[in-house]
Amino acid sequence: MERDERGPRRIATVDANEAFRSYELGLVTLARLGELLGTDRRGAIAFVESRGLTVEDGPASVEDALEDAKVIERLRSRPC
């Protein structure tokens, strides 16, 4: 992704199409996409959905959330 730094404050500009493609390929997270686009999380979700992708955010069910919590606890209990 090409960045163009300009002005005394060095504000970076990012091509929205390149940012979207990076998100679509899993190279950047939704949060990073929002940051690159200069928007918040909701703005990033709206941007992705406007491009025809559905944002799957979080577990699909309570059972999935509980399983995720169990995995996190197992990982936390492992020695470093």
Side-chain angles (χ1 to χ4, degrees):
M1 207 173 323
E2 198 169 307
R3 294 176 69 92
D4 182 18
E5 307 227 4
R6 301 177 184 201
R9 295 162 112 195
R10 302 176 99 188
I11 297 173
T13 59
V14 175
D15 180 270
N17 291 323
E18 287 184 46
F20 174 74
R21 184 74 177 137
S22 295
Y23 172 77
E24 191 176 32
L25 293 172
L27 302 174
V28 298
T29 64
L30 184 64
R32 179 69 178 136
L33 176 64
E35 184 179 317
L36 290 169
L37 297 174
T39 188
D40 61 7
R41 190 170 185 286
R42 288 183 185 166
I45 291 170
F47 177 79
V48 168
E49 289 177 344
S50 75
R51 299 281 179 115
L53 284 183
T54 301
V55 176
E56 293 188 25
D57 190 29
S61 66
V62 172
E63 292 78 17
D64 287 346
L66 292 172
E67 183 60 33
D68 289 350
K70 289 176 188 175
V71 170
I72 291 168
E73 286 304 313
R74 281 195 303 267
L75 291 173
R76 284 185 179 164
S77 66
R78 287 185 180 174
C80 294

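Scope of the values below: all heavy atoms of this structure, side chains included, with no hydrogens, waters or symmetry mates.
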Closest non-hydrogen contact found for Val28 with Ala19 is CG2-O, 4.2 Å

Non-hydrogen atoms of Gly43 and Thr39 that approach each other most closely
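In terms of heavy atoms, the two residues are closest at CA-OG1, 3.3 Å.
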
Mind checking the OH-CG spacing from Tyr23 to Leu36? Nearest 0.5 Å is all I need.
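With rounding to 0.5 Å, OH (Tyr23) is 13.0 Å from CG (Leu36).
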
Could you grab the distance from atom CD of Glu67 to atom CD1 of Ile72, nearest 0.5 Å is fine?
10.5 Å

Would you say Arg51 has more than 12 foreign heavy atoms packed within less than 6.0 Å of its CZ?
yes

Qualifying residues under side chain to side chain donor-acceptor pair (under 3.5 Å), relative to Glu24, sequence neighbours excluded:
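Checked Glu24 against side chain to side chain donor-acceptor pair (under 3.5 Å); matches are Arg21.
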
Any heavy-atom pair between the side chains of Phe47 and Leu33 that's under 4.5 Å?
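Leu33 vs Phe47: side chains touch.
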
Going through the checks in order, is the salt bridge (charged side-chain N to carboxylate O under 4.0 Å, His left out) test met by Glu73 and Lys70?
CA-CA 5 Å; Glu73 286 304 313; Lys70 289 176 188 175; over 6 Å; no

Begin with the C-alpha distance, continue with both residues' side-chain angles, and end with the deciding distance and a verdict on side chain to side chain contact (heavy atoms under 4.5 Å, CB included) for Leu66 and Glu63.
CA-CA 5 Å; Leu66 292 172; Glu63 292 78 17; 5.6 Å; no

Please lay out, stage by stage, how Arg78 and Leu75 fare under the test side chain to side chain contact (heavy atoms under 4.5 Å, CB included).
CA-CA 5 Å; Arg78 287 185 180 174; Leu75 291 173; 3.7 Å; yes

In the single-linkage hydrophobic clustering (I, L, V, M, F, W, Y; side-chain heavy atoms under 4.5 Å), do Leu37 and Leu27 co-cluster?
no

